[in-house]
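Note sheet for the following structure.
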Amino acid sequence: MLYEKSSHKGQYFSPETPHDEIYFQVKTWIYYHLDYFDETFSVVSGDKKLEQALEFDDWKNWIIKKMRHPLYKEVYERESSIWGEKFRTFIRNNQDKLREPPDPEIL
């Protein structure tokens with residue numbers, strides 16, 4: 001489903017989209033990832049020891065690749081006020097990389 005929506009334009013999570021089982025599975029999966037990204041930045045970002053131990057630069061690259069998907073972007077932007085400052089700053093600082101096309105292998 002995520003692969004099929006990787007080139008999606010416009011709003012997917014809207015009242016017009018059928019709220020079937022797939023819709024809720026996709027939405028849950030995306031919220032799960034975004035929450036995980038937010039928690040990771042809240043705990044690890046700025047702690048040099050943790051960043052090194054967890055290879056945080058690799059995580060940041062993977063998060064950027066995930067966030068290129070239009071459905072991730074849609075949920076992130078719609079709910080931007082609920083994400084922590086460190087995650088929001090990371091997204092703001094990487095806008096150029098996030099504009100690149102999604103990688104279907106990462107979805």
Side-chain angles (χ1 to χ4, degrees):
M1 173 63 181
L2 286 175
Y3 178 78
E4 294 168 4
K5 298 296 180 188
S6 64
S7 60
H8 183 75
K9 304 284 189 247
Q11 299 290 311
Y12 174 76
F13 299 111
S14 70
E16 291 77 37
T17 304
H19 288 52
D20 57 11
E21 185 176 339
I22 297 294
Y23 173 92
F24 288 108
Q25 287 174 351
V26 169
K27 193 169 185 178
T28 300
W29 183 248
I30 291 172
Y31 270 96
Y32 167 79
H33 274 134
L34 291 174
D35 185 56
Y36 183 77
F37 300 160
D38 185 42
E39 290 295 321
T40 300
F41 273 91
S42 294
V43 172
V44 178
S45 185
D47 184 326
K48 297 301 176 195
K49 219 175 204 181
L50 269 179
E51 286 183 11
Q52 185 177 5
L54 298 175
E55 300 176 344
F56 196 44
D57 286 339
D58 291 339
W59 277 102
K60 289 191 270 187
N61 288 331
W62 184 75
I63 290 168
I64 287 170
K65 289 177 182 178
K66 293 295 273 186
M67 291 298 296
R68 287 180 183 148
H69 193 286
L71 300 185
Y72 281 79
K73 288 180 185 179
E74 180 181 341
V75 172
Y76 173 83
E77 290 168 2
R78 177 178 289 164
E79 303 285 355
S80 63
S81 66
I82 69 172
W83 313 119
E85 184 58 36
K86 291 179 180 180
F87 184 43
R88 290 193 318 260
T89 299
F90 172 76
I91 296 298
R92 270 194 309 273
N93 291 342
N94 287 283
Q95 286 300 309
D96 289 341
K97 293 178 185 176
L98 294 169
R99 286 187 191 98
E100 294 175 20
D103 180 350
E105 298 297 319
I106 302 297
L107 310 175

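In this chain, residues are counted from 1 in sequence order. Just so it is clear, the model here is predicted, and its values are computed rather than measured. Values below: every heavy atom of this structure, side chains too, minus hydrogens, waters and symmetry copies.
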Practice problem: For residues 85-96, pull every pair meeting side chain to side chain donor-acceptor pair (under 3.5 Å), keeping only residues two or more places apart or in separate chains. | Solution: Glu85-Arg88, Glu85-Thr89, Glu85-Arg92, Thr89-Arg92, Asp96-Arg99
Quiz prompt | Candidates Ile30, Leu71, Ile91 - the one meeting side-chain contact (heavy atoms from CB on, under 4.5 Å) with Tyr76 | solution = Ile91
Practice problem: Go through the structure and list residues passing salt bridge (Lys or Arg N to Asp or Glu O under 4.0 Å) with Lys73, not counting sequence neighbours. | Solution: none
Exercise. With sequence neighbours left out, write down each residue that passes salt bridge (Lys or Arg N to Asp or Glu O under 4.0 Å) with Glu100, or none if nothing qualifies.
Key: Arg68
Quiz item: ring-ring contact (aromatic ring centres under 6.0 Å, His included) with Tyr31: which residues, sequence neighbours excluded?
Solution: none
Quiz prompt | Residues forming a side chain to side chain contact (heavy atoms under 4.5 Å, CB included) with Ser14, sequence neighbours excluded | solution = Gln11, Glu16, Thr17
Would you check if [X] and [Y] make a side-chain contact, meaning some heavy-atom pair closer than 4.5 Å?
{"X": "Ser45", "Y": "Phe87", "value": "no"}
{"X": "Trp29", "Y": "His33", "value": "yes"}
{"X": "Met67", "Y": "Leu34", "value": "yes"}

Self-check item: Euclidean distance, Ile64 CD1 relative to Phe37 CZ, rounded to 0.5 Å
Solution: 10.5 Å
Practice problem: Could you grab the distance from atom CZ of Phe13 to atom CZ of Phe24, nearest 0.5 Å is fine? | Solution: 10.0 Å
Quiz item: Got a sec, which pairs hit salt bridge (charged side-chain N to carboxylate O under 4.0 Å, His left out) with one end in residues 24-49, sequence neighbours left out?
Solution: Lys48-Glu51
Exercise. Measure the acute angle between the ring planes of Tyr36 and Trp59, then classify it against the limits of 30° and 60° as parallel, tilted or perpendicular.
Key: tilted
Quiz item: Which heavy-atom pair separates Val75 from Trp83 by the least distance, and what is that distance?
Solution: O-NE1, 4.4 Å
